[in-house]
Protein chains: 2
Amino acid sequence: MTAAERDEHRDEHRGPDRDASRPDSNVVPLGRDTPAEGADANRPGGGRGRRRPTAAADKRATVTLKDVATAVGVSQSAASMALADHPRISEATKEAVRAASARLGYVPNSAGRALRAGRSTSIAVVVPQTGQHVFGHPYFMHLLVGVTAEANARDAALVVSTNPDESHGVAAYERVLRSQAAAGAIVASASISDPNVNRMVDAALPVVLVGRFVHLPHAASVGIDEVAGAAAIARHLVQDHGLTRIAHISGPLNHQTAVDRYEGFRTALAESGRQCTHTLAVGDFSEESGMLAARQVLDSMSDVQAIFAANDEMAYGAMLEIRSRGLRIPEDIALAGYDDFGVSRLTTPGITTIHVPAEALGRQAAAILFDLVDGTTPDPVHTVLPFELVIRESCGSHTA
Amino acid sequence: MTAAERDEHRDEHRGPDRDASRPDSNVVPLGRDTPAEGADANRPGGGRGRRRPTAAADKRATVTLKDVATAVGVSQSAASMALADHPRISEATKEAVRAASARLGYVPNSAGRALRAGRSTSIAVVVPQTGQHVFGHPYFMHLLVGVTAEANARDAALVVSTNPDESHGVAAYERVLRSQAAAGAIVASASISDPNVNRMVDAALPVVLVGRFVHLPHAASVGIDEVAGAAAIARHLVQDHGLTRIAHISGPLNHQTAVDRYEGFRTALAESGRQCTHTLAVGDFSEESGMLAARQVLDSMSDVQAIFAANDEMAYGAMLEIRSRGLRIPEDIALAGYDDFGVSRLTTPGITTIHVPAEALGRQAAAILFDLVDGTTPDPVHTVLPFELVIRESCGSHTA
DNA sequence: GCGATCTGCTCTAACGATTCAGCACTTCGG
DNA sequence: CCGAAGTGCTGAATCGTTAGAGCAGATCGC
C-alpha cells in the first residue's frame, strides 16, 4: 500500500449478484455506432452452472502447405517456392498458389518454419526483475510500445519474459533464447550484478541492452546519456534558480541508472563554479522510498533549498512529505524528478524532469536487435538517444 | 501533446552528430563509448552507419537432444524418454541423461517440440487497437502483470500482439494463433465492432475475452460488472453527498465498457428515488477529451454539481478544465472517475473512483485460457471479479 | 525346459516448411 | 541437327522432438 492510498475508504463490491437491476435501455446515439444491446447472454454471471464437453475443438482444422499444394495440383515444394516468389516458378502457378492459399486461409506454421530455418521470427523483451513493482512501471509500457511498433513493421512476434527463476540452471528468459522461441532479446533494466545477463552476452546470444552496462562494453546497447540528463537538472537548479543547497534522492546504487544520475548531479554541481552543498539519500525508485528519503533529508539538512529525485515517483513521494510539513513547492523547496512518464505531469505543481524517450529507445533497440539477428554488428555499439529537460513549476519556473 | 503539456518549456538535448533541423547541443560523453545517431537512426533501412559482419555468431552452438544422447551413449529416443521420466527407462540412464543435459546446457528446441506436439506452449495477449494511446494505457500493464504471473507459473512464454493490419486477409494477431506461435489468446479491449475477434471466436480458436462482449455470448470471458461499478459511483454521489445535477463524461460508445458505465450511471440515478438531472458528453478515454467534454458540460449545464467521468484520465482532464475556471473541487463541483490505475491517486485532490482489479483479471484470464487450450470448457463461461469503490476527496468525502 | 512376461533400450516415422539436386522438356546458337 | 542453356517442376533430405512398434536379453511360472 502506498502512502497516498493509506487514508482511503474502500468499499468492496462483489460481482454477479446484481442481475435484477437492469432495466431495458437505450444508448444515446450522438452520431456513433449504436451497439446491439439486447443479447443478455453475455451478462456477467449469466450462463452459470452447465458444463459442456468441448466439441468445437475438433473443428479447427489446420491448413498446411500440403493442403494448398494439393488444391492447386502441384507439389508441396512448388507451392512453397511459389509463395516465396521463386524465379523458377511460372507466374501462372504462383497466382494459382496464392489464390488457393488465400481461399483456404493458409498461415505458415511458425514451428515448422522456425525448425527448418534454424531460428524463430520472434524477438523477446526481457525484464529481469520480476514483480509488479518493476514490471508495472510505465517505463516498460513505453518501451514495449516502441518495440512492438518495430516488430510489427517486420511481421515479427514479440515474446515478453520476466522470470529470472532458474528452472534447470538457466533463467527462464535465457531459456527463451536457448529454446529458440525467440531469435534475440532486448534486456531492460537489469541490476548491475545480474549474472544472467552476462551469461547471455557471453554466450554470444543476440542481445540488445537498454541502458548502460559498464561491465559489458561490447554488448550492443541503446540508452540516453543519464549523466548529462542529471547534470542538466542540476544546472537548471543552480544556474537558473540560484539554488545551492540541494539534496539528491538516488535510486538503489546497484542500478547503473541510479549511479549515473547521481554522478551527473554531483559533477554538474562541482563544475558550476558556485559554492554548492549537497547531500544524498538513497531510495529504491518507489514513491514510498522517496517519501522516506525526503523525510531524512528534511530532518538532517534544515536549510535545503531543492530536492532532486532520481525519478518522478520518488519526487512525488518527496512532494507528499514536503507538503505534510507545511512547506510549499517551489517557494520553500524546489523539486525535480527524472523520467517524465506521466506522473510528473499530473501533480500540482507539475514536476520539472528529464523526458526519457522510452518509446524511441524501444524502437531503436528492436531495430538493432533485428540487425544483430541477421548477423550484422551494429555501429556504433552503443546508441545514445537525445533526452529533453522539461521545465514545470516545481522548480520555481513560471510557465504560461 | 496533451493538455497539461501544452504550457511547458522543453529543452531538447540530443546526442551529438545531429541533423541540421535541431539546435546543436551538448551531450556530455563521460566515459561513454561512441555516441549516436538521433532521429535518423530510427529508420532501419536508411543508409546509415557502417556495419561489420558478425564473427561471434558462429560461436553459439546449439545443444540438441542428439548431443545429449551421444554424450551419454544412448539413442536419442532413450534420452527423450529419460527426460520425460518414462517408466521403461532405467533410473541409471535417467540420471546419466539428466546429468549430461545439465552439463551441456541442453534446452529443448521449442520449434521442434511445438511441431511434434502440434501446438505451442506459448499464449498470446492481443490488444486489437494499436497505437500508443490504447496500448500505452496502464490498464494493459496491470493486465500483463497478471497474465505473466500465471504464464510463468506454467512455464509458458507470453506473446504480445497488437497489430490489426491484415497482411493476407488475416489480422496479425489472428495469424499468431493460426501459425501456432501461440496456443491461445487473451483478447483485451476490442471495440464492439471488431470483426477480427468474431472471426477468431467463430473459428473455435482458444480465446478468452477480457471485458464484456455482448455479441459473443458463448466465448469465455473475464471481467468486472461495469454497470454495477458505475452505479456505485452514482449512488455515492447522489445518496452520500446529496448531489442531483450530475454530468457523465463517457468513453466512445462503440466500446462496451463505455456503454456499460454510462448505463450503470443512468440506471442508478433513475432508481435513486430522487429527482436527478443528468447530461452526457462523449469522450474517448483520453485526458484531452475529458477536458473538452468538461468544457462542454460546464458551458451547457451551469448549475452542474458533479461530473462522473468514465475513466480517471478523462476525470483528470475535467479537473484541469474545472480549475481553469476558478472552480473548486469538491466545494463547487464534485468529481469521480473509474479505473484507479494510479492517476486518480496522484492528483490533488485524489479522485474518487472504481478500482478495477486488472492484474487479477489478467491472472484469471490466463488460467482460463490454459484450461481452454487443454480442452476444458470453463464454467461459468463468463467470470466476474469484484471491484472496489475507492472514495477519495474529489467527491467531497473527508479522508483521514 | 520352454513359452510368456518384463525390462531397457533402438529404430522409424511423423510434425510442416524449405531447399537443393535433378529430371523432363523447350529453346537456341552455330 | 546436336549440344548447351533455360524453364518449370518433383523428390528427397533436413531441422529437433517425441511416440509407438519392435527387439534382444533377462526373469519367471509351472
Side-chain angles (χ1 to χ4, degrees), chain A residues 60-98 100-101 104-122 155 175-183, chain B residues 60-98 100-101 104-122 168 175-183:
Chain A
R60 46 178 202 269
T62 317
V63 179
T64 74
L65 186 54
K66 188 192 271 182
D67 299 328
V68 174
T70 310
V72 176
V74 292
S75 73
Q76 206 185 110
S77 355
S80 174
M81 295 165 95
L83 291 175
D85 206 23
H86 193 284
R88 296 282 288 272
I89 300 292
S90 73
E91 203 47 58
T93 305
K94 283 180 186 171
E95 199 46 62
V97 171
R98 279 193 288 257
S101 164
L104 299 176
Y106 167 70
V107 174
N109 179 302
S110 61
R113 183 173 271 187
L115 184 55
R116 173 67 226 228
R119 63 152 131 138
S120 160
T121 22
S122 321
D155 252 315
R175 293 175 69 82
V176 169
L177 288 193
R178 295 224 174 268
S179 73
Q180 318 248 15
Chain B
R60 46 176 200 272
T62 316
V63 179
T64 74
L65 188 54
K66 188 193 272 184
D67 300 326
V68 174
T70 310
V72 176
V74 293
S75 75
Q76 209 185 108
S77 356
S80 174
M81 295 164 96
L83 291 176
D85 206 24
H86 193 284
R88 297 282 287 272
I89 300 290
S90 72
E91 203 48 57
T93 306
K94 283 179 186 172
E95 198 46 61
V97 171
R98 278 194 287 257
S101 163
L104 300 176
Y106 168 69
V107 175
N109 179 301
S110 61
R113 183 173 271 188
L115 183 55
R116 173 68 229 227
R119 64 150 132 142
S120 159
T121 23
S122 321
H168 310 284
R175 292 175 69 82
V176 168
L177 289 193
R178 294 224 174 268
S179 72
Q180 319 248 15

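Hydrogens, waters and symmetry mates are skipped; everything else that's a heavy atom, side chains included, is used. Each chain gets a letter, A, B and so on, in the order its sequence line appears, and its residues count up from 1.
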(request) Produce a footprint string for nucleotides 5-16 of chain D: one letter per nucleotide, 5' end first; B if the base is under 4.0 Å from any protein heavy atom, S if only the sugar-phosphate is, - if neither. (result) --BBBBBBBBBB
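- Two residues are said to be in side-chain contact when any heavy atoms from C-beta on lie closer than 4.5 Å; A:L65 and A:Y106 meet this criterion.
- Donor-acceptor pairing under 3.5 Å is recorded for the side chains of B:S90 and B:T93.
- Side-chain contact check for A:P108 versus B:R175: some heavy-atom pair is nearer than 4.5 Å.
- At a threshold of 4.5 Å between non-hydrogen side-chain atoms, the residues A:S179 and B:V107 count as touching.
- Counting only heavy atoms from C-beta outward, the side chains of B:V97 and B:L83 approach each other to under 4.5 Å.
- Using a 4.5 Å heavy-atom cutoff, the side chains of A:L104 and A:V68 are in contact.
- In this structure the side chain of A:R113 never reaches within 4.5 angstrom of the side chain of A:T121, judged on heavy atoms.
- You can see that DNA chain C meets the heavy atoms of chain B within a 4.0 Å-exclusive cut from C:dT7 to C:dG16, reading 5' to 3'.
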